[in-house]
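Heads up, the thing below is written out as structure tokens.
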Amino acid sequence: MRLALMASGTGSNVEVLLSEKQSGKLPLVDWVLLGCDRLDAPVIQKARSKVLKTWVHSPSEFAEKTHYEKSLHQVLTEQEVDGIVLAGYMRLIGPALLEHWQGRIINLHPSLLPSFPGQHSIQDALKYRVKLTGCTVHFVDEGIDTGPIIAQESVPIFSTDTKETLTKRIHQAEYSLLPKTVRRWSEGGFYLKDKIVHFVDEVGETI
Ligand code: GRF
């Protein structure tokens with residue numbers, strides 16, 4: 001499976017995914033592209049030598065977001081990408097990309113969706129004093145973190161937690177959930193049909 005990574009910042013999840021490939025744990029995955037929307041994002045250096053191609057462009061370079069997405073779509077097509085993994089990509093996927101890629105884009109989010117969508121999910125979980133939060137991998141649709149859920153892992157919240165301690169604990173859960181889910185995807189272990197995630201067992205039967 002030829003996969004593209006999209007990220008905007010630090011890229012610790014990208015680093016984990018790339019090293020899982022290097023250590024043989026994602027045998028069916030080829031990381032062919034890193035797409036990044038921030039020219040100064042640390043993730044670029046982390047990935048540059050480990051993916052076939054990097055595509056780094058800010059939407060502000062384009063007259064409209066649609067042009068930015070069309071340009072990205074072109075490179076994804078040129079690289080014969082099968083699917084896209086959003087690992088810390090801080091932008092809503094617009095219609096110009098969704099039109100071609102719906103059902104082939106998955107996103108990692110740091111909460112147990114549908115609770116706490118958006119960019120402040122970790123602070124929101126602390127603010128609401130929930131006892132359990134976590135991380136979610138879901139297919140991307142037109143909403144903000146609203147797409148069909150593929151996999152989740154829960155993380156406890158302790159009364160002593162700060163944003164930093166909780167972020168760290170969620171990251172640890174993400175480092176195991178995302179590679180596991182990508183591996184299963186590459187093995188044909190699930191797919192999206194009629195807005196529902198269908199899982200497939202070892203003998204190819206939908207379960
Ligand atoms: C992760 O917590 C992910 O859930 C969210 O953005 C964060 C990216 O972190 N979408 P990193 O750049 O992988 O360190």
Side-chain angles (χ1 to χ4, degrees), residues 3-22 25-26 29 31 33-51 54-56 58-59 72 83-94 97-98 101 105-128 130 132-157 161-185:
L3 291 180
L5 287 158
M6 294 288 298
S8 304
T10 318
S12 65
N13 281 283
V14 165
E15 235 181 337
V16 168
L17 288 170
L18 294 171
S19 71
E20 292 266 313
K21 171 66 192 171
Q22 284 187 319
K25 292 184 198 143
L26 292 171
V29 173
W31 295 117
L33 183 80
L34 170 79
C36 180
D37 60 329
R38 272 196 31 214
L39 312 189
D40 59 346
V43 66
I44 303 164
Q45 292 315 323
K46 287 178 180 157
R48 206 181 276 286
S49 62
K50 298 184 186 131
V51 293
T54 49
W55 183 91
V56 181
S58 160
L72 176 56
I84 307 168
V85 179
L86 308 183
Y89 181 64
M90 306 307 275
R91 222 167 262 284
L92 192 66
I93 300 293
L97 270 178
L98 265 187
W101 293 93
I105 316 181
I106 64 173
N107 178 49
L108 172 67
H109 181 77
S111 76
L112 290 178
L113 291 170
S115 291
F116 311 128
Q119 294 205 4
H120 304 289
S121 45
I122 297 176
Q123 296 96 308
D124 289 346
L126 284 169
K127 194 168 97 194
Y128 278 84
V130 292
L132 215 54
T133 184
C135 51
T136 300
V137 181
H138 63 94
F139 279 108
V140 171
D141 67 6
E142 50 290 323
I144 300 175
D145 305 317
T146 51
I149 291 170
I150 303 161
Q152 295 185 301
E153 193 159 314
S154 60
V155 168
I157 300 184
D161 267 330
T162 60
K163 187 186 162 210
E164 287 67 37
T165 58
L166 183 56
T167 300
K168 212 167 162 189
R169 199 172 308 117
I170 292 175
H171 263 135
Q172 288 309 318
E174 292 182 332
Y175 300 157
S176 104
L177 184 72
L178 186 58
K180 214 161 51 186
T181 309
V182 167
R183 183 180 171 124
R184 192 152 181 207
W185 199 22

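Small disclaimer: the values here were computed from a predicted structure and weren't measured. Order of appearance sets the numbers: ligands from 1, and atoms from 1 within every ligand.
Contacts of Val29 classified as side chain to side chain contact (heavy atoms under 4.5 Å, CB included), with partners at least two apart in sequence or in another chain: Leu3, Leu26, Trp31, Val182, Ser186. Residues satisfying the side chain to side chain contact (heavy atoms under 4.5 Å, CB included) test with Gln123, not counting sequence neighbours, are His120, Lys163.
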Name every donor-acceptor pair, under 3.5 Å, that has one atom in a side chain of residues 172-179 and the other anywhere in the protein, sequence neighbours excluded.
| residue | atom | partner | partner atom | Å |
| --- | --- | --- | --- | --- |
| Glu174 | OE1 | Asn13 | ND2 | 3.2 |
| Tyr175 | OH | Ser12 | OG | 2.6 |
| Ser176 | OG | Glu153 | OE1 | 3.4 |

Exercise for review: Show your reasoning for whether side chain to side chain contact (heavy atoms under 4.5 Å, CB included) applies to Asn107 and Tyr89.
Suggested key: CA-CA 8 Å; Asn107 178 49; Tyr89 181 64; 5.7 Å; no
**Study point:** CA sep, side-chain torsions, deciding dist, call: Ile93, Ile84, side chain to side chain contact (heavy atoms under 4.5 Å, CB included)
**Key:** CA-CA 11 Å; Ile93 300 293; Ile84 307 168; over 6 Å; no
At less than 3.5 Å, what protein N or O atoms come close to the N or O atoms of ligand 1? Include the distances to 0.1 Å.
| residue | atom | partner | partner atom | Å |
| --- | --- | --- | --- | --- |
| ligand 1 | 2 (O) | Glu174 | OE1 | 3.0 |
| ligand 1 | 2 (O) | Glu174 | OE2 | 3.0 |
| ligand 1 | 4 (O) | Pro110 | N | 3.4 |
| ligand 1 | 4 (O) | Glu174 | OE2 | 2.4 |
| ligand 1 | 9 (O) | His171 | NE2 | 3.3 |
| ligand 1 | 10 (N) | Leu108 | O | 3.0 |
| ligand 1 | 12 (O) | Gly11 | N | 2.7 |
| ligand 1 | 13 (O) | Ser12 | N | 3.2 |
| ligand 1 | 13 (O) | Ser12 | OG | 3.4 |
| ligand 1 | 13 (O) | Asn13 | N | 2.8 |
| ligand 1 | 13 (O) | Asn13 | ND2 | 2.9 |
| ligand 1 | 14 (O) | Ser12 | N | 3.1 |
| ligand 1 | 14 (O) | Ser12 | OG | 2.5 |
| ligand 1 | 14 (O) | His171 | NE2 | 3.4 |

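Counting heavy atoms of neighbouring residues, nucleotides and ligands inside a 6.0 Å radius, atom CG of Leu132 exceeds 12 of them.
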